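Just below is one structure, and these are the notes that go with it.
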Amino acid sequence: LFFYFYVDENNQVDYPSLQKNADYLNIAIDYAAKVDLNNEPKNVSKAFWINAYNLLIIKNILNNYPIKSVQDVPTFFTENEFICANQQLTLDDIENVILRDVFQDPDIHFVLSKGIVSGVPILNQAYLPENIDAKIKERATTLINNPDFVKINRKQKTISLPKLFEQNARDFVTFYTNEIDFVNQY
């Protein structure tokens, strides 16, 4: 997808440049609106919804640009609706109803960009159906082992987890004993 060219090696989106050349982004969104996922295998749907979510995060930021933070737009995740796969959905719908409830994979949180500096950075590539589960695991491993993401203080014997663990505790605790057990598998 062309818009990923606007994501640099530090996983930062160049919004001013993308805003000037948003045609390809809009084409991708128009395409995503009409996709029919009926009878598609799980890996195709999973890759589609992850990419669509990240794409719509970028689009929603551009719709509100310039903004300092998505948190400055109270309705960013809950009220701005998009047509995606022939459904009218908010970002919250895609994340919680489709990605969390349908796929029930806690690792999915490591590939969903929230458009915030302290969140999961977006990659400069799309997720593909043929390796979606491997890429999700790879991303979880990379982030969990990043000392800026999961902070371990061996002297004090403490661990500091990012907010995504608190915000999505039901996913990490449901499938594993607790968040630390989840982290330890990586």
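As the structure is a computational prediction, the values presented were derived from the model and not from experiment. Nothing fancy with the numbering, it's 1 onward along the sequence.
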Between the main-chain N or O of K163 and the side-chain N or O of E166, is there a donor-acceptor pair closer than 3.5 Å?
-> no
Rounded to the nearest 0.5 Å, what's the gap from CD1 on I132 to CG on N51? Could you check?
-> 6.5 Å
May I ask you to test the V7-Q125 pair for a side-chain heavy-atom distance under 4.5 Å?
-> no
For Y127 and N54, which heavy atoms make the closest approach, and how far apart are they?
-> CE1-ND2, 4.2 Å
Approximate separation, where rounding is to 0.5 Å, of I136 CD1 and F103 CZ = 9.0 Å
Nearest heavy-atom neighbours spanning A47 and P129 | CB-N, 3.7 Å
Please report the shortest heavy-atom distance between V70 and I61, naming the atom on each side.
-> CG1-CG1, 3.7 Å
Does E130 come within less than 4.0 Å of K135, counting only side-chain N to carboxylate O?
-> no
Check for a donor-acceptor pair, side chain of T75 on one end and backbone N or O of T78 on the other, with a separation under 3.5 Å.
-> no
Might you work through the side chain to side chain contact (heavy atoms under 4.5 Å, CB included) test for I58 and L18, ending with a clear yes or no?
-> CA-CA 9 Å; I58 291 170; L18 183 56; 3.4 Å; yes
State, with a plain yes or no, whether a side-chain heavy atom of N145 is found less than 4.5 Å away from one of V150.
-> no
Steps toward side chain to side chain contact (heavy atoms under 4.5 Å, CB included) verdict (E81, Q87) | CA-CA 10 Å; E81 292 184 333; Q87 301 174 63; over 6 Å; no
Compare all side-chain heavy atoms of P16 with those of D14 and state whether any distance is below 4.5 angstrom.
-> yes
Centroid-centroid under 6.0 Å between H109 and F172 rings | yes
Closest heavy-atom pair and its distance - F48, A85 | CE2-CB, 3.9 Å
Worked check of salt bridge (charged side-chain N to carboxylate O under 4.0 Å, His left out) between E40 and K46 | CA-CA 10 Å; E40 289 294 342; K46 193 177 203 179; over 6 Å; no
Are any side-chain N or O atoms of N146 and backbone N or O atoms of L143, one a donor and one an acceptor, separated by less than 3.5 Å?
-> no
What class does the angle between the rings of F110 and F182 fall in, given that below 30° is parallel, 30 to 60° is tilted and above 60° is perpendicular?
-> parallel
Quick check: are there more than 12 heavy atoms from other residues, nucleotides or ligands sitting under 6.0 Å from OH of Y65?
-> yes
Mind checking whether V35 and I83 sit in one hydrophobic cluster, side chains of I, L, V, M, F, W, Y counted as touching below 4.5 Å?
-> no
L91 CG to I57 CD1 distance, which is reported to the nearest 0.5 Å | 4.5 Å
Does a side-chain heavy-atom distance below 4.5 Å link K151 with I159?
-> no
Determine yes or no for a side-chain-to-main-chain donor-acceptor pair under 3.5 angstrom, with N131 supplying the side chain and A134 the backbone.
-> no
Hey, could you give me the CG/SG distance between L55 and C84, rounded to the nearest 0.5 Å?
-> 8.0 Å
Distance (rounded to the nearest 0.5 Å) between N80 CG and L89 CG | 13.0 Å
Can S69 and D72 be counted as having a side-chain donor-acceptor contact under 3.5 angstrom?
-> no
Kindly compute the distance separating CD1 (I50) from CD1 (I94), expressed to the nearest 0.5 Å.
-> 12.0 Å
If only atom types and distance count, is the side chain of N168 paired as donor or acceptor with the main-chain N or O of D171 below 3.5 Å?
-> no
Within 45° of the six-membered ring axis of Y186 and under 6.0 Å from that ring's centre, is NZ or CZ of K137 located there?
-> no
Would you say L128 and L99 are hydrophobically clustered, going by side-chain heavy atoms of ILVMFWY under 4.5 Å?
-> no
Are R139 and D107 ion-paired here, with the side-chain N under 4.0 Å from a carboxylate O?
-> no
Just wondering, do I29 and L56 contact through their side chains at under 4.5 Å, heavy atoms?
-> yes
Output yes when a side-chain donor or acceptor of N60 lies under 3.5 Å from a complementary backbone atom of F76, and no otherwise.
-> yes
In terms of side-chain geometry, is the basic nitrogen of D105 or R100 positioned less than 4.0 Å from the acidic oxygen of its partner?
-> no
Do V13 and I122 touch side chain to side chain, with heavy atoms closer than 4.5 Å?
-> yes
Under a single-linkage definition using a 4.5 Å side-chain heavy-atom cutoff for Ile, Leu, Val, Met, Phe, Trp and Tyr, are F149 and I152 assigned to the same hydrophobic cluster?
-> yes
Looking only at non-hydrogen atoms, find the nearest pair between K59 and N26 and report the distance.
-> NZ-OD1, 2.9 Å
Between Y53 and S113, what is the shortest heavy-atom contact and its length?
-> CE2-O, 3.2 Å
D93 and F82: CA distance, side-chain angles, deciding distance, side chain to side chain contact (heavy atoms under 4.5 Å, CB included) verdict | CA-CA 10 Å; D93 294 333; F82 300 92; over 6 Å; no
